[in-house]
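Report on one structure; see the data block that follows.
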Protein chains: 2
Amino acid sequence: MTPMKEDYLKIIFELGGSHKKVSNKDISLGLGIAAGSVTEMVSKLSDEGLVVHEPYAGISLTEKGQKYAAELVRKHRLWETFLVDKLHYNFADVHSEAEVLEHQTSDRLATALDNFLQHPQACPHGGVIPSASGQFPDVSHRLLADANDGETVQLERFLDNHELLTYLEELKLRPNDTVKVIRHEPFEGPLVIEKDGEDTPLNVSYKASHNIFIKAGNSDK
Amino acid sequence: MTPMKEDYLKIIFELGGSHKKVSNKDISLGLGIAAGSVTEMVSKLSDEGLVVHEPYAGISLTEKGQKYAAELVRKHRLWETFLVDKLHYNFADVHSEAEVLEHQTSDRLATALDNFLQHPQACPHGGVIPSASGQFPDVSHRLLADANDGETVQLERFLDNHELLTYLEELKLRPNDTVKVIRHEPFEGPLVIEKDGEDTPLNVSYKASHNIFIKAGNSDK
DNA sequence: CAAAAAAATTAGGCTATCCGAAGAAGATGT
DNA sequence: ACATCTTCTTCGGATAGCCTAATTTTTTTG
Ligand SMILES: [Mn+2]
Ligand SMILES: [Mn+2]
Ligand SMILES: [Mn+2]
Ligand SMILES: [Mn+2]
């Protein structure tokens, strides 16, 4: 298994390849690799029993491929946690370091890191850390943008995008923060929220509000 | 710069390429790569101004190549220190992990690690850690095997070889230990030593005694 | 439903790195 | 000093990935 093959598995996983077919195009876009090259690599992964490829229909992970991908996500997020918690990295800056370290991380090293970090449940921007055996709980897909005015919600996770995270760092928003939604400004204007315990309202851009997921199951309360 | 090119630079550095010419053969042996491939890669490194290659005579590092190699050694040894000090790895087991992590370590990450580890001077088996700018002090080349009977010496560093380190782990010998040499047994027999403060003598195999370096300048005292 | 657009696959080619074998250069021993 | 052994370089060929362009299939749209 090479780092590139691992990145293919991971992006397929992140695009939902565990439970649906993902397109060649999305993989190509996600990795920044030409579509033709994706077809070629997918056929190799298929030969290795890691993905199922129905030509012109889509690509999904086999059980084996999914387990492999989850382990990689685990390693990625353990490194992110290490960098923030122990090395005091800014949470917007950890992704690129983890992106390469993940491929050079033995299972033994992952276990040792996990112990050292005292078994974190989620990475710094809220992504759940799969167990060593590749298990991971379902996550919420409810967007902050979709919360109702007046509703109090808890932030769960942010998409792992440098610009978004830098923006959220400035707003001092973190996973697990509890916020009250004041209103949705019209014309794709910002979402106005109030952080728990503070009374100065905060503007969260329309776009950002679509890249933040909130905990499910506390719809109006 | 690719990981393989980095490993070429590093082995040349370790073979003494900063101050003398090293042979194609030694590089080939050190990396386990065919001699023909070494010639090819060396000519690329030469094109990049990292090494000087005199055909049939040998290969040495340029200033630039030496600095690069030293940075790599720094990253390698910082990781080894991290693994032993923080993740409680056995000091015989860290080399292979560091061998791959070193190539994925940004300067920023190296700096952060160095701070986290509180600026260690040497890796777990005594190898000196170059500064961020690639500076490193001279090290002793005096072998434990060459110490005189009755002499008290301080261990400085061990060669980074898994079997040797496992052996020394069992003997509970560490860099900086002070030991008194009792006698050299004949016919390549063991060196009998006594650890400072203990009175049970220890046998150190002939071979091991030739892979342990002691601090210079305390010859009989 | 046919033309146009989009997506996917196939085909030809490139670079990096490796290997093994052959031949050239250098070192060694008598 | 020359025959032999060792080391080094050169050469032909392999593999992994990537790219662009051409072609095929599927989807969308008038
Ligand atoms: Mn990656
Ligand atoms: Mn992440
Ligand atoms: Mn290495
Ligand atoms: Mn080492």
Side-chain angles (χ1 to χ4, degrees), chain A residues 1-17 20-62 65 68-69 72 96 99-100 102-104, chain B residues 1-17 20-62 65 68-69 72 96 99-100 102-104:
Chain A
M1 184 63 41
T2 68
M4 277 320 299
K5 283 184 180 174
E6 291 183 340
D7 278 341
Y8 275 91
L9 289 180
K10 197 154 66 89
I11 191 81
I12 296 167
F13 180 85
E14 279 159 3
L15 290 170
K20 67 176 197 209
K21 292 196 190 69
V22 309
S23 70
N24 180 305
K25 181 118 199 273
D26 287 344
I27 298 170
S28 167
L29 253 39
L31 294 178
I33 285 174
S37 306
V38 171
T39 303
E40 183 182 332
M41 182 62 88
V42 161
S43 92
K44 286 179 191 166
L45 292 172
S46 175
D47 290 347
E48 295 174 47
L50 294 162
V51 305
V52 175
H53 181 204
E54 290 184 46
Y56 293 103
I59 298 126
S60 57
L61 294 169
T62 61
Y68 202 112
L72 218 47
S96 56
E99 193 58 51
V100 295
E102 63 189 1
H103 305 289
Q104 312 299 155
Chain B
M1 185 63 39
T2 68
M4 278 320 298
K5 284 183 179 175
E6 292 182 341
D7 278 342
Y8 276 92
L9 290 180
K10 197 154 65 87
I11 191 83
I12 295 167
F13 180 85
E14 280 159 4
L15 291 170
K20 67 177 197 206
K21 293 195 190 66
V22 309
S23 69
N24 180 306
K25 181 121 199 273
D26 286 344
I27 298 170
S28 168
L29 254 39
L31 294 178
I33 284 174
S37 306
V38 171
T39 303
E40 183 182 334
M41 182 62 87
V42 161
S43 92
K44 286 180 190 165
L45 293 172
S46 175
D47 291 347
E48 295 174 48
L50 294 162
V51 305
V52 176
H53 181 202
E54 288 183 48
Y56 294 104
I59 298 127
S60 57
L61 294 169
T62 62
Y68 203 113
L72 218 47
S96 56
E99 193 58 50
V100 295
E102 64 189 2
H103 305 289
Q104 312 299 154

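Here is the naming used below: chain letters follow the sequence lines, and residue numbers restart at 1 for every chain. Just so you know, these numbers use all the heavy atoms, side chains as well, and skip hydrogens, waters and symmetry mates.
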Point to revise | Spacing of K5(A) atom NZ relative to dT15(D) atom P, expressed in whole Å | key: 13 Å
Check your understanding: Which comes earlier along DNA chain D counting from the 5' end, the contact point of M41(A) or that of P55(B), where each point is its nearest nucleotide?
Key -> P55(B)
Review point. Just how far, in rounded Å, is P of dA16(D) from CE of M1(A)?
Key: 13 Å
Check your understanding: What nucleotide, of dA16(C), dC8(D), dT25(D), holds the atom closest to the side chain of K44(B)?
Key -> dA16(C)
**Study point:** E40(B) CD to dA16(C) C1', straight-line distance once rounded to whole Å
**Key:** 8 Å
**Study point:** Separation of atom CD in E6(B) from atom C1' in dA16(C), rounded to whole Å
**Key:** 15 Å
Check your understanding: I59(A) has an atom CD1; how far is it from atom P of dA7(C), in whole Å?
Key -> 14 Å
Practice item. Could you work out which one of dC18(D), dT25(D), dT9(D) sits closest to the side chain of Y56(A)? Key: dT25(D)
Practice item. Check the distance between dT26(D)'s P and K25(A)'s NZ and give it to me in whole angstrom. Key: 18 Å
Exercise for review: Kindly indicate, with the supporting measurements, whether the criterion side-chain contact (heavy atoms from CB on, under 4.5 Å) is fulfilled by D26(A) and I11(A).
Suggested key: CA-CA 9 Å; D26(A) 287 344; I11(A) 191 81; over 6 Å; no
Review point. Is the distance from OP1 or OP2 of dA8(C) to the nearest side-chain N or O of H53(A) less than 4.0 Å?
Key: no
Point to revise | From NZ (K10(B)) to CG (L15(B)), nearest 0.5 Å | key: 11.0 Å
Exercise for review: Starting at atom CD1 of I27(B), determine the distance to atom P of dC18(C), rounded to an integer number of angstrom.
Suggested key: 12 Å
Exercise for review: Report, as yes or no, whether the 6.0 Å neighbourhood of atom NZ on K5(B) holds more than 12 heavy atoms from other residues, nucleotides or ligands.
Suggested key: yes
Exercise for review: Check whether any side-chain N or O of Y8(B) sits under 4.0 Å from OP1 or OP2 of dA16(C), and answer yes or no.
Suggested key: no
Point to revise | Distance test, side-chain N/O of S37(B) to OP1/OP2 of dC19(C), below 4.0 Å | key: yes
Practice item. Output yes when K44(A) and E40(A) qualify as a salt bridge under the 4.0 Å nitrogen-oxygen rule, no when they do not. Key: yes
Check your understanding: For I33(A) and dA7(C), what is the distance between atoms CD1 and C1' respectively, to the nearest whole Å?
Key -> 18 Å
Check your understanding: Hey, is the side chain of T2(A) poking within less than 4.0 Å of OP1 or OP2 on dA16(D), counting only N and O atoms?
Key -> no
**Study point:** Beyond-backbone contact of E102(A) with D7(A), side-chain heavy atoms, under 4.5 angstrom
**Key:** yes
